[in-house]
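What you see below is based on every heavy atom in this structure, not just the backbone, and it leaves out hydrogens, waters and symmetry mates. For reference, positions follow the sequence shown, starting with 1.
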Amino acid sequence: MDIRLVEAADSAQVRTVISRAFMDDPLIDRLFPADEYQTSSLRLDAVAVFYAPSVEFFCTVGSGLVAEEAGDVLGAVLWNAPSATPSTSLPSAGGVAALMLGTRASQLGAAMAAAREGAPPAEGTYIPDVSVVPESPGRGIGRDLMAAAIDRAGSDGMWLETTNPRNIPFYERAGFQVTHTGLLGDFGIPMTRMVSR
C-alpha cells in the first residue's frame, strides 16, 4: 500500500470511498434517510453527488492524501489549509446541498452553528474527511493516513469535527483530543470537535 498526495484523477475513487464510508454516519442518515430512496444504490449515489464538489476541489488542488493499492484507492484524508482559496467552479458544494436537501440544507447550517456555540476557536488545518473503504478495517489504513497527514500538513495544528461517536477513539489514537461537543440543533446528533495535540 502506498500513501501519496491526492490528484485530480483520484476524484471519482475518493468520492466513492468517502460516500461508502459515511453511509452509516448519523448525520448522513438524517440528511439522506434510507426510506426516501427506492434502493440503497440510489441512496449511495445521492451521497456521492452531495460530496462531489468538495472532493473534486480537494483533489484538484492536491489537498489531501490517498492510500492506494494496485491502482485502487482504499482510503483518503482531505484537508483545508487556512490559506486555501475557496473553489469558484460549479456546481458549488453549497448549491448541491441546497438542491439535494431542500430545507434540510438551511436546517443543517443552523444546526452546525448551534453545535459550535461555545466551542474554543479552532486553529490550523481543517480535516473535513477521513475515510477508508468499509471492507478494509483493521489494516491500519486510517492510522497511516492520519499520521502522514499530520506530518505533511499539521505543523500548525489540525482539527476536525465528527458526528459519529464511534470515530472518537480512532482520532484519539491518532493524537487528537476532544475540545467541544454540541448538539446539531433539531437533528439531535452530537458533533464533536477535536484538535491535534
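Using a 4.0 Å cut-off between a side-chain N of Lys or Arg and a carboxylate O of Asp or Glu, Arg15 and Glu56 do not qualify as a salt bridge. Ion pairing between Asp29 and Arg43 holds under the 4.0 Å rule for side-chain N and carboxylate O. Between Arg4 and Asp10, at least one side-chain N (NZ, or NE/NH1/NH2) sits under 4.0 Å from a carboxylate O, which counts as a salt bridge. Comment: Arg197 does not engage Glu172 in a salt bridge, judged by the lack of any side-chain N to carboxylate O separation of less than 4.0 angstrom.
Using a distance-only test at 3.5 Å, with no hydrogens or angles considered, a donor-acceptor pair links the side chain of Ser106 to the main chain of Thr103. With hydrogens and angles disregarded, a donor-acceptor distance shorter than 3.5 Å links the side chain of Arg193 to the backbone of Pro120. With hydrogens and angles disregarded, no donor-acceptor distance shorter than 3.5 Å links the side chain of His180 to the backbone of Met191. Judged by distance alone, the side chain of Ser63 and the main-chain N or O of Trp79 form a donor-acceptor pair under 3.5 Å. Within the 3.5 Å criterion, the main-chain N or O of Tyr51 finds a donor-acceptor partner in the side chain of Ser54. Panel note: side chain Gln13, backbone Val73; a donor-acceptor pair is recorded below 3.5 Å. A distance-only check finds no donor-acceptor pair linking the side chain of Arg143 to the backbone of Gly138 [under 3.5 Å]. Ser196 places no side-chain N or O within donor-acceptor distance of the main-chain N or O of Phe176, the cut-off being under 3.5 Å.
Summarising the geometry of Leu78 relative to Phe58, their closest heavy-atom pair is CD1-CD1, 3.9 Å, with the distance given to 0.1 Å. Nearest approach of Arg104 to Leu31, heavy atoms of both residues: NH1-O, 2.8 Å. Minimum heavy-atom separation, Ala93 to Pro53: N-CB, 3.7 Å. When all heavy atoms of Leu145 and Ala76 are compared, the closest pair comes out as CD1-N, 3.4 Å. Contact record, Leu101 with Ala105: CB-N, 3.7 Å, taken as the closest heavy-atom pair. Of all heavy-atom pairs between Ser11 and Val55, the closest is O-CG1, 3.6 Å.
Relative orientation of the Phe32 and Tyr37 rings is tilted, given thresholds of 30° and 60° on the angle between their planes.
Inter-residue side-chain proximity for Thr179 and Met194 is flagged as unmet; no heavy-atom pair is nearer than 4.5 Å. Side-chain contact between Val47 and Ile28 is present, with at least one heavy-atom pair separated by less than 4.5 Å. Contact annotation: the side chain of Val6 never approaches that of Leu65 to less than 4.5 Å [non-hydrogen atoms, C-beta and beyond]. Here the side chains of Val77 and Met146 are in contact, with some heavy-atom distance below 4.5 Å. Leu27 has its side chain out of reach of Phe22: every pair of non-hydrogen atoms, C-beta onward, lies at least 4.5 Å apart. Annotation: side chain of Arg139 is not in contact with side chain of Val132 (no heavy-atom distance under 4.5 Å). Asn80 has its side chain out of reach of Thr125: every pair of non-hydrogen atoms, C-beta onward, lies at least 4.5 Å apart. Considering only heavy atoms from C-beta on, Val96 comes within 4.5 Å of Val49 through its side chain.
The number of heavy-atom neighbours closer than 6.0 Å to CD of Glu36, taken from other residues, nucleotides and ligands shown, is above 12. Residue Glu123 qualifies as open at atom CD: its count of foreign heavy atoms under 6.0 Å is 12 or below. Counting heavy atoms of neighbouring residues, nucleotides and ligands inside a 6.0 Å radius, atom CG of Asp24 exceeds 12 of them. The number of heavy-atom neighbours closer than 6.0 Å to CG of Asp45, taken from other residues, nucleotides and ligands shown, is above 12.
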Could you walk me through whether Leu44 and Arg20 pass the side-chain contact (heavy atoms from CB on, under 4.5 Å) check?
CA-CA 7 Å; Leu44 182 60; Arg20 292 180 64 220; 3.9 Å; yes

For side-chain contact (heavy atoms from CB on, under 4.5 Å), just list the numbers for Ile150 and Met158, CA-CA rounded to whole Å, side-chain angles, deciding distance to a tenth of an Å, and then say yes or no.
CA-CA 7 Å; Ile150 291 168; Met158 299 185 102; 3.8 Å; yes

Might you work through the side-chain contact (heavy atoms from CB on, under 4.5 Å) test for Arg152 and Leu5, ending with a clear yes or no?
CA-CA 10 Å; Arg152 182 164 189 107; Leu5 198 60; 3.4 Å; yes

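No hydrogens or angles considered: a donor-acceptor pair under 3.5 Å links the side chains of Thr192 and Thr181.
If you chain together hydrophobic residues whose side chains sit under 4.5 Å apart, Tyr171 and Ile141 fall into the same group. Taking hydrophobic clusters as Ile, Leu, Val, Met, Phe, Trp and Tyr residues chained together by side-chain heavy-atom distances below 4.5 Å, Leu160 shares a cluster with Ile189.
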